[in-house]
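Below you'll find the structure, written out as structure tokens, and then a few comments.
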Amino acid sequence: MTDFSAILHESFAELNVQRSKFYSHVFEIDSVSQARERIKALSRSYNDATHLCWALRVIETELIELSSDGGEPSGTAGFPILNVLKENNLVNLCCVVIRYFGDVKLGIRGLIDAYSQAARLALAKTEIVEIKKVFEHVFECKYEELGILLGIIRKLGGKIEKIEQSDRVTVRALLPQKIDQFHAQVKEKLVKVI
């Protein structure tokens with residue numbers, strides 16, 4: 001898997017270009033449906049805006065990239081926003097840029113530049129961190145085997161997330177690789193490296 005980056009928190013920026021006002025929002029998402037809900041909410045908040053354009057990159061089972069020009073000429077808004085996300089190798093986020101037309105036509109190049117700049121401004125107001133793929137393992141063992149299991153997890157560069165004790169001990173851990181021989185309950189996750 002290619003290394004990716006993510007944002008640490010939501011951010012917002014404003015840009016004025018020849019009397020047009022651009023309001024850009026970037027926020028984390030886990031799915032396309034989650035992004036669509038936020039886009040709808042922003043559309044209601046800016047219901048008098050001339051254009052609402054957006055782009056997203058999210059890893060569900062695979063990398064998904066989507067964008068919308070929101071009524072601007074084809075390729076002048078959504079795709080430039082998406083390119084900014086791709087330049088920064090960002091995933092699991094959506095960038096929405098709202099435009100209030102200022103009675104001055106910006107032209108194709110002007111629109112591409114304005115939407116790109118609006119996206120960059122919003123990203124500049126958040127922190128970008130690396131994310132990496134890890135494997136979440138759920139191990140079960142007898143209490144007397146716990147020390148050995150924890151030693152193996154640490155030796156493999158793993159991080160213990162949770163230990164639960166009852167008749168048996170359940171250990172939830174994140175490891176940089178998949179270890180099939182210990183337990184069948186393994187799934188991939190993306191975690192931020194802070």
Side-chain angles (χ1 to χ4, degrees), residues 1-13 24-42 54-68 78 81-96 119-194:
M1 180 181 121
T2 308
D3 290 329
F4 290 110
S5 296
I7 58 172
L8 265 187
H9 54 81
E10 230 175 274
S11 65
F12 167 81
S24 52
H25 298 258
V26 292
F27 49 88
E28 291 180 275
I29 57 169
D30 293 323
S31 65
V32 172
S33 60
Q34 183 185 22
R36 291 192 191 281
E37 288 302 313
R38 286 291 305 272
I39 292 166
K40 282 181 194 172
L42 285 168
W54 56 267
L56 66 83
R57 296 183 85 212
V58 64
I59 297 176
E60 288 185 9
T61 53
E62 59 186 25
L63 177 61
I64 299 169
E65 297 177 332
L66 299 171
S67 64
S68 169
I81 297 167
L82 181 60
N83 278 338
V84 171
L85 304 183
K86 289 165 85 171
E87 286 168 8
N88 290 282
N89 211 20
L90 290 160
V91 293
N92 295 355
L93 84 158
C94 181
C95 179
V96 177
R120 284 188 185 97
L121 286 173
L123 288 174
K125 293 190 173 189
T126 187
E127 192 173 343
I128 295 175
V129 295
E130 178 188 342
I131 60 173
K132 64 179 179 177
K133 180 170 66 173
V134 295
F135 297 89
E136 181 181 54
H137 291 68
V138 178
F139 301 100
E140 280 190 15
C141 66
K142 296 177 186 172
Y143 182 76
E144 52 273 8
E145 299 168 333
L146 181 60
I148 295 167
L149 177 60
L150 295 179
I152 292 169
I153 292 169
R154 286 188 187 101
K155 185 176 180 181
L156 294 172
K159 178 183 175 194
I160 310 295
E161 284 196 306
K162 189 174 189 179
I163 299 175
E164 296 174 347
Q165 298 180 27
S166 58
D167 298 350
R168 294 180 57 80
V169 179
T170 303
V171 178
R172 188 174 303 273
L174 298 177
L175 292 163
Q177 69 264 7
K178 190 173 181 177
I179 305 174
D180 292 323
Q181 65 266 33
F182 286 107
H183 200 278
Q185 291 187 27
V186 180
K187 65 180 180 180
E188 289 183 21
K189 286 182 88 172
L190 293 172
V191 295
K192 294 178 182 177
V193 179
I194 301 174

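From a predicted model like this one, the values you see are computed outputs, not experimental measurements.
- Heavy-atom minimum distance, Leu82 versus Leu66: CD1-O, 4.4 Å.
- When all heavy atoms are compared, the tightest approach of Gly78 to Ala55 is O-CB, 3.7 Å.
- Atom CZ of Phe12 has more than 12 neighbouring heavy atoms from other residues, nucleotides or ligands inside a 6.0 Å radius.
- Checking side-chain atoms of Thr126 against main-chain N and O of Glu10 turns up no donor-acceptor pair under 3.5 Å.
- Listed here is the closest heavy atom pair of Gly158 and Leu175: CA-CD2, 3.3 Å.
- The CZ atom of Arg36 sits 7.5 Å away from atom CG of Leu56, with the distance rounded to the nearest 0.5 Å.
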ask   = Would His25 and Arg38 satisfy side-chain contact (heavy atoms from CB on, under 4.5 Å), going step by step from the backbone distance to the final call?
value = CA-CA 10 Å; His25 298 258; Arg38 286 291 305 272; 5.7 Å; no
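- Between the side chain of Thr170 and the main chain of Glu140, no donor-acceptor pair closer than 3.5 Å is present.
- Here the side chains of Phe4 and Ile59 are in contact, with some heavy-atom distance below 4.5 Å.
- Between Phe139 and His137, the two ring planes are parallel [angle under 30°; tilted spans 30° to 60°].
- You'll find the side chain of Asn89 reaches within 4.5 Å of the side chain of Arg57, heavy atoms only.
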Evaluation steps, side-chain contact (heavy atoms from CB on, under 4.5 Å), between Leu90 and Val26 = CA-CA 11 Å; Leu90 290 160; Val26 292; over 6 Å; no
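- Contact detail for His9 and Lys125: the closest heavy-atom pair is CE1-O, 3.3 Å.
- Taking CG of Leu63 as the start and CG of Asn92 as the end, the distance is 9.0 Å to the nearest 0.5 Å.
- Rounded to the nearest 0.5 angstrom, Arg154 CZ and Leu149 CG are separated by 9.5 Å.
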request  = Would you check, one step at a time, whether the test side-chain contact (heavy atoms from CB on, under 4.5 Å) holds for Leu174 with Glu136?
outcome  = CA-CA 5 Å; Leu174 298 177; Glu136 181 181 54; 3.8 Å; yes
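- With rounding to the nearest 0.5 angstrom, the CD atom of Gln34 is 9.0 Å from the CD atom of Glu28.
- Across all non-hydrogen atoms, the minimal contact from Val96 to Trp54 is CG2-CB, 3.9 Å.
- Under the 3.5 Å distance criterion, the side-chain polar atoms of Glu60 are matched with a main-chain donor or acceptor of Val32.
- Here the side chains of Cys94 and Ile39 are in contact, with some heavy-atom distance below 4.5 Å.
- Lys155 contributes atom NZ, which lies 14.5 Å from atom CG of Leu150 (distance to the nearest 0.5 angstrom).
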query = Are Leu123 and Leu85 close enough, and set up right, to give a side-chain contact (heavy atoms from CB on, under 4.5 Å), and what steps lead you there?
reply = CA-CA 9 Å; Leu123 288 174; Leu85 304 183; 4.3 Å; yes
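- Between Leu93 atom CG and Ile29 atom CD1 the span is 6.5 Å, to the nearest 0.5 Å.
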